[in-house]
Protein chains: 2
Amino acid sequence: MSEGITVFTDGASVGGGGGPGGWGVVVVRGGTERSLSGHEPETTNQRMEILAAIKALESVRGFEGEITVYSDSSYLVNCLRRRWYVKWLAEGWTNSKKQPVANRDLWERLLAAISDAERTGASVEFRKVRGHTKATHERARGNRLADSLAVAAKKEAIKRFGAS
Amino acid sequence: MSEGITVFTDGASVGGGGGPGGWGVVVVRGGTERSLSGHEPETTNQRMEILAAIKALESVRGFEGEITVYSDSSYLVNCLRRRWYVKWLAEGWTNSKKQPVANRDLWERLLAAISDAERTGASVEFRKVRGHTKATHERARGNRLADSLAVAAKKEAIKRFGAS
RNA sequence: GGACACCAAUUAAU
DNA sequence: ATTAATTGGTGTCC
């Protein structure tokens with residue numbers, strides 16, 4: 001029987017606004033855990049949250065089964081669960097204020113990654129987790145791990161590219 | 001030639017949140033040092049930091065020359081250096097979260113004190129110092145002195161008005 | 001108006 | 001070293 005994959009993602013950036021940032025991903029499959037992370041010289045917290053999800057899906061490409069992605073970003077999770085993107089696609093990538101949707105490049109990559117996964121036999125579900133919880137259940141632990149990776153990656157970015 | 005004035009300010013309060021608190025100011029002018037302090041029965045650390053700066057400027061009223069105010073409060077220093085107050089004034093004293101700006105009464109007194117000093121021929125500059133440093137340079141020493149005064153004043157407040 | 005993140009600093013408590 | 005309280009900022013959407 002095909003066990004599903006559980007993924008935890010998180011992003012971090014200096015100042016929340018423009019600056020160095022990092023992302024972290026923890027992939028749990030069966031009893032094993034894999035983690036990835038990366039950084040960027042100039043980004044935002046939101047971009048890192050989206051990029052983490054993209055990297056997560058790209059890292060499990062070809063998997064046939066259920067993929068559950070946990071994130072503490074309502075920005076990311078609501079886009080998928082509440083299907084904001086449907087409206088964005090229909091309206092030519094403008095939001096409810098008629099402004100261009102931010103981070104369109106990453107949203108498009110993410111939607112493509114999801115489509116790709118589903119085309120090859122996976123199902124993808126996004127779920128919200130509370131960030132910064134002291135709880136001990138797996139979701140909380142996974143989120144903390146992803147957070148650690150993101151923060152470490154962000155620090156690496158600061159070291160390489162200079163602080164804000 | 002007119003030597004500048006250097007001022008060190010600090011505030012302290014019980015619990016960081018509401019409680020008794022105190023402030024301390026050290027004024028260095030030429031070779032001489034003057035210090036002031038005071039306390040309040042119910043205040044916050046932030047209010048004490050602002051009040052210390054107000055008291056400092058009021059204590060050198062009429063001075064014509066450069067006044068440098070050192071504080072370890074980024075709350076205080078950022079407001080002045082990053083000109084948060086310009087936005088607050090323009091937006092009717094609401095912050096970026098559309099909430100009323102906290103401690104408006106003290107900010108207004110401080111801005112008035114600065115205007116007053118500049119109107120009478122002084123220039124005022126705020127600078128950040130790291131708090132609780134063991135360094136030996138003058139800024140660190142001044143900050144420690146101001147800190148001692150603030151803490152002593154806070155203790156006096158506790159004695160007079162009861163602990164938290 | 002609502003929501004979730006990201007970040008900064010200070011102050012304290014043990 | 002960790003937990004908790006205050007203040008401030010930006011990123012984004014509905």
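None of these values were measured; they are calculated from a predicted model. Letters A, B, ... are given to chains in the order of the sequence lines, protein chains preceding strands, and every chain is numbered from 1.
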Open item on the list: For residues 117-131 of chain A, which residue pairs pass the salt bridge (charged side-chain N to carboxylate O under 4.0 Å, His left out) check, not counting sequence neighbours?
Closed with: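 Of all non-adjacent pairs touching residues 117-131 of chain A, those that pass salt bridge (charged side-chain N to carboxylate O under 4.0 Å, His left out) are A:R81-A:E125, A:D116-A:R119, A:E125-A:R127.
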Open item on the list: Strictly by side chain to side chain donor-acceptor pair (under 3.5 Å), give each pair with a member in residues 47-58 of chain B just once, sequence neighbours left out.
Closed with: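 As it turns out, the side chain to side chain donor-acceptor pair (under 3.5 Å) pairs with a partner in residues 47-58 of chain B, which skip direct neighbours, are B:R47-B:N103, B:R47-B:D105.
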TODO: Determine which pairs satisfy side chain to side chain donor-acceptor pair (under 3.5 Å) with at least one residue from residues 140-150 of chain B, sequence neighbours left out, and list them in order.
DONE: B:D72-B:N143
- [ ] For B:G21, answer base if it contacts any base atom (sugar-phosphate contacts may also be present), sugar-phosphate if it contacts only those atoms, and nothing otherwise; contact means non-hydrogen atoms under 4.0 Å.
- [x]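 It contacts nothing in the nucleic acid.
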Open item on the list: Under 4.0 Å, heavy atoms only, any strand: does B:D72 hit a base, just the sugar-phosphate, or nothing?
Closed with: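 Touches sugar-phosphate only.
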- [ ] Quick one, give me the B/S/- string for nucleotides 7-14 of chain D, reading 5' to 3', where B means a protein heavy atom under 4.0 Å from the base and S means that only happens at the primed atoms, P, OP1 or OP2.
- [x] BSBBBBSS
Would you mind reading off the distance between [X] atom [atom1] and [N] atom [atom2], rounded to a whole angstrom?
{"X": "A:I50", "N": "C:rC4", "atom1": "CD1", "atom2": "C1'", "answer": "13 Å"}
{"X": "A:E49", "N": "C:rC7", "atom1": "CD", "atom2": "C1'", "answer": "13 Å"}
{"X": "B:L80", "N": "C:rU10", "atom1": "CG", "atom2": "P", "answer": "17 Å"}

Task: Within residues 125-149 of chain A: residues closer than 4.0 Å to DNA chain D (heavy atoms) - done: A:K134
Quick one: side chains of residues 29-37 of chain B, donor-acceptor pairs under 3.5 Å with protein atoms, not counting sequence neighbours, listed by atom name and distance.
residue	atom	partner	partner atom	Å
B:T32	OG1	B:R29	O	3.0

Task: Nearest-0.5 Å distance, CD of residue B:E66 to OG1 of residue B:T6 - done: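 It is 8.5 Å, given to the nearest 0.5 Å.
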Task: Where at least one partner belongs to residues 97-144 of chain A, residue pairs that pass ring-ring contact (aromatic ring centres under 6.0 Å, His included), sequence neighbours excluded - done: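 Sorted result for residues 97-144 of chain A: A:Y75-A:W107, A:W88-A:W107.
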Open item on the list: Restricting to side-chain hydrogen bond (donor to acceptor under 3.5 Å, both in side chains), what partner residues turn up for B:R104, sequence neighbours left out?
Closed with: B:E108
- [ ] Find which nucleotide of RNA chain C each of B:N78 and B:D10 is nearest to by heavy atoms, and output the residue with the more 5' nucleotide.
- [x] B:N78
Task: side chain to side chain contact (heavy atoms under 4.5 Å, CB included) partners for A:K97, two or more places apart - done: A:N95, A:Q99
